[in-house]
Structures are given as C-alpha cells and as structure tokens.
Amino acid sequence: MRALVLITLLLAGRAEAEVTGDLSLLTKVAALQKKNLDAIEQWSGRAELKFRKRSPEGYDLTYSVDARFWHDAVARASCFSWLITESGTRFDARENLVNSLQGHRAGELQLGDDYYIMPLSAVKQDYVPVVQLVPRREPTFGSVSQMFYPMSYFRIWNSKSEEFFAKMLKYSGENWMHLRVREEGQRVLLTADNPNFPNCTQEYVFDLSQNGLLIEFEARDGSGSESQRQTYREFSGVYLPVHTVYRNARFDGTDVSEKEVHWKDQTLNEPIPEESFTLEAMGVPAGAQVVDIQTRQTYRYAPP
C-alpha cells in the first residue's frame, strides 16, 4: 500500500495542478514543529507498547513490550532498550501458544557516528546475542528502531518534519499534485492526492495549540488504509507524546496490524547519566558478540 501511494507522489500526469487554501499555513505549522523539536535537548522515560499482527491465513500474533529510552541531542547520543513481557500466537483460532516471545530483548545505541544494533533476540544461557556496530544511519521502515526510536514519533509518515513540509511545498505546483489546506479553529487540515489515482489520498491534521504537531493521519488506496492518532502532554511549552496508535487495515476495514504506545515517566531537558548510553543500558548481556561492520572485528562484550 505504501509503495502505491509513493508512486502517486512521484509520477507526473496530465491533470492541471490544483491548490485550495492558504499554503502559508503549512509554513506556519512547519515553523512551530521545528521550534518544538529544537527545544528537545534531553529526553528520557519509558513506554509500554502493544502490538498485534494478523494475516488472512489465520495467523494472529500479539505481544507487549516494556521499553526504556534516553535521548541527548546535544551529546549526539541516544539509547533504547525493550523487553517483551508477554506474547501469544494463534493459528486459525485453534492453537494458542502463550509467551512465545517472552523475555526477548532488542535495543539500539547511538554514540556520535557509531550505532549499535541488537536485533530482537532471546537472552538465554545457551544463546549468544549478536550486536552490530554500524555507521550512523536513519531508522529504516519495519526495523525495531522505526517502531520505537523516540524521535521517530515526531515524524510525519516516516519522514522528518522539515523534509515533509519542504516536499509538499516543492511539489504543490506540479500537475500531479492536488493539495487542499484549511484551518478549523486551532487545527490545520491538509489533504494530498493525485488526480490520476482517485482512490489514493492522504489526510493530515495538525494542532496549532500543540506547536503544530500531527494529531491525526490517514492514507488510503485501493487495497487498504494506514492511520495514526497521537496525543501529547506539555512540558514547559514543549509537547511530548503520551499516547500513540498506528493501524493498518485492508480495504474491507479488517485490521492487518496495530501498534499502541503509552508513554510513562518522561523527563525533559534534565541531565542524563553517562551510564544511560552504554551497551549495558540497551540490554546487551555480558558475553554478547559485537561485530564491527566497518573493520570486521569481533569481540565479546564485557561490562565494566
């Protein structure tokens, strides 16, 4: 579905360009969001996540995660660690395997240009997790980092805020892009579609009273829809997420997947201990194998 919608934004058609409303509203929203993001210098807390994935074949997977995170934009450091606390797998409503993933861990750690990744793995005596050290890179779609990397929750459909608005303004004059912008009280509503693909549309709702942040999003095409709802809490003029729901559904409305996040114990712009940015903090056990992708060196992790 995402690939199809992306194609609609890249292909040129024969229809005339159409812009309805005041595009300066998007510039206003972008400026408010930038101010909010720039004010987040240190951010830490934890989150409770619930996932559910379904397939037409009758496969149904659910699991819950407890996560801790630390982010320091000034020091160019970030870390998160998550632990699956419970899970269940069902096949055609006949078999239910409980806690099939319980105890599995994952985590990521950024230290300047270095990035450590521990994919989801079991932490057992007879299993040695592998941690990769790679050059700094953006979280990729579908990875653990994209599912939880804290700053990704300020992105707009997996795009950085400034990149999203720059793209919308850049392509607003193209004949394949139709934009409709309107203001309703403290909300700015944006609809984007391609006249050559009438079944594909994207709708965004931004809240001016919450520094222009995205509170609702929905994309639809002929195969299904994807949506996001997010609420925030104010911390001295800066807004941080407190509840997030992502949903992916088929064209008939039945769910494909859902992710819900409840944010807890958040602190903003308070000193973060140095030990928060370590392999131990991200959940790497002693004896784990660390592989440096650039030098191809391998060593065992031994906590200090």
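Here the CD-CD distance, from Gln132 to Gln289, works out to 10.0 Å after rounding to the nearest 0.5 Å. Annotation: the span from Arg233 atom CZ to Gln266 atom CD amounts to 7.5 Å, rounded to 0.5 Å. Remark: Asn36 CG to Tyr239 OH distance equals 8.5 Å, nearest 0.5 Å. The OG atom of Ser225 sits 7.0 Å away from the CG atom of Asn248 when rounded to the nearest 0.5 Å. Going from atom NZ of Lys28 over to atom CG of Leu23 covers 14.5 Å, rounded to the nearest 0.5 Å. Interatomic distance, CG of Leu49 versus CH2 of Trp82, reported as 6.5 Å (0.5 Å rounding).
When all heavy atoms of Ser172 and Leu169 are compared, the closest pair comes out as OG-O, 2.9 Å. Contact record, Gln33 with Leu213: NE2-CA, 3.8 Å, taken as the closest heavy-atom pair. For Gly283 against Arg105, the heavy-atom pair with the smallest separation is O-CD, 3.8 Å. Across all their heavy atoms, Met177 and Tyr171 have their closest contact at CB-O, 3.3 Å. The two residues Arg300 and Gly287 make their nearest non-hydrogen contact at NH1-O, 2.9 Å. Minimum interatomic distance between Ser209 and Gln186 (heavy atoms only, all atoms of both residues): N-OE1, 3.5 Å.
Without hydrogens or angle criteria, Ser87 side chain to Leu101 main chain gives a donor-acceptor distance under 3.5 Å. Of the possible polar contacts, one joining the Asn211 side chain to the Gly237 backbone as a donor-acceptor pair under 3.5 Å is found. Remark: the backbone N or O of Met282 is paired with a side-chain donor or acceptor of Ser81 at under 3.5 angstrom. For the pair Gln110 (side chain) and Gly112 (backbone), a donor-acceptor distance under 3.5 Å is present. Not a single donor-acceptor pair under 3.5 Å links the side chain of Asp193 to the backbone N or O of Leu179. The backbone N or O of Glu216 sits nowhere less than 3.5 Å from a side-chain atom of Arg229 that would complete a donor-acceptor pair. In this structure, the side chain of Thr278 engages the main chain of Ala281 through a donor-acceptor pair within 3.5 Å.
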* Asked: side chain to side chain contact (heavy atoms under 4.5 Å, CB included) between Val291 and Val131: does it pass, once the steps are laid out?
  -> CA-CA 6 Å; Val291 179; Val131 179; over 6 Å; no

* Test side chain to side chain contact (heavy atoms under 4.5 Å, CB included) applied to Ile40 and Leu268, step by step -> CA-CA 7 Å; Ile40 302 174; Leu268 176 68; 4.1 Å; yes

* Full working for side chain to side chain contact (heavy atoms under 4.5 Å, CB included) between Ile84 and Leu120 -> CA-CA 9 Å; Ile84 294 184; Leu120 191 64; 3.9 Å; yes

* Going through the distances and angles, do Asp114 and Leu133 end up as a side chain to side chain contact (heavy atoms under 4.5 Å, CB included)? -> CA-CA 7 Å; Asp114 291 333; Leu133 171 58; 3.7 Å; yes

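Between Phe217 and Trp157, the ring centre distance stays below 6.0 Å. Aromatic pair Trp43/Phe154: ring centres closer than 6.0 Å.
Just one residue in the list Tyr116, Tyr149, Tyr115 forms a side-chain hydrogen bond (donor to acceptor under 3.5 Å, both in side chains) with Glu108, and that residue is Tyr115. Of the options Ile156, Leu26, Leu214, a side chain to side chain contact (heavy atoms under 4.5 Å, CB included) to Phe164 is made by Ile156 and by none of the others.
Donor-acceptor pairing under 3.5 Å is lacking for the side chains of Ser257 and Lys53. With no hydrogens or angles considered, a side-chain donor-acceptor pair links Gln230 and Tyr232 at under 3.5 Å. With 3.5 Å as the limit, one finds a donor-acceptor pair spanning the side chains of His243 and Glu260. Defined by atom type and a distance below 3.5 Å, a donor-acceptor pair is missing between the side-chain atoms of Glu258 and Tyr246. Residues Ser64 and Thr85 have side chains that never bring a donor and an acceptor to within less than 3.5 angstrom of each other.
Between Phe206 and Tyr204, the angle of the ring planes stays under 30°, which puts this pair in the parallel group of the 30/60° scheme.
Using a 4.5 Å heavy-atom cutoff, the side chains of His104 and Gln102 are not in contact.
No salt bridge links Glu48 with Lys50; every basic N to acidic carboxylate O contact stays at or beyond 4.0 Å. Checked for salt-bridge contact, Arg187 and Asp207 miss the test: no charged N lies under 4.0 Å from a carboxylate O.
Taking the centre and axis of the six-membered ring of Tyr153, the NZ or CZ atom of Arg155 falls outside the cone set by 45° and 6.0 Å.
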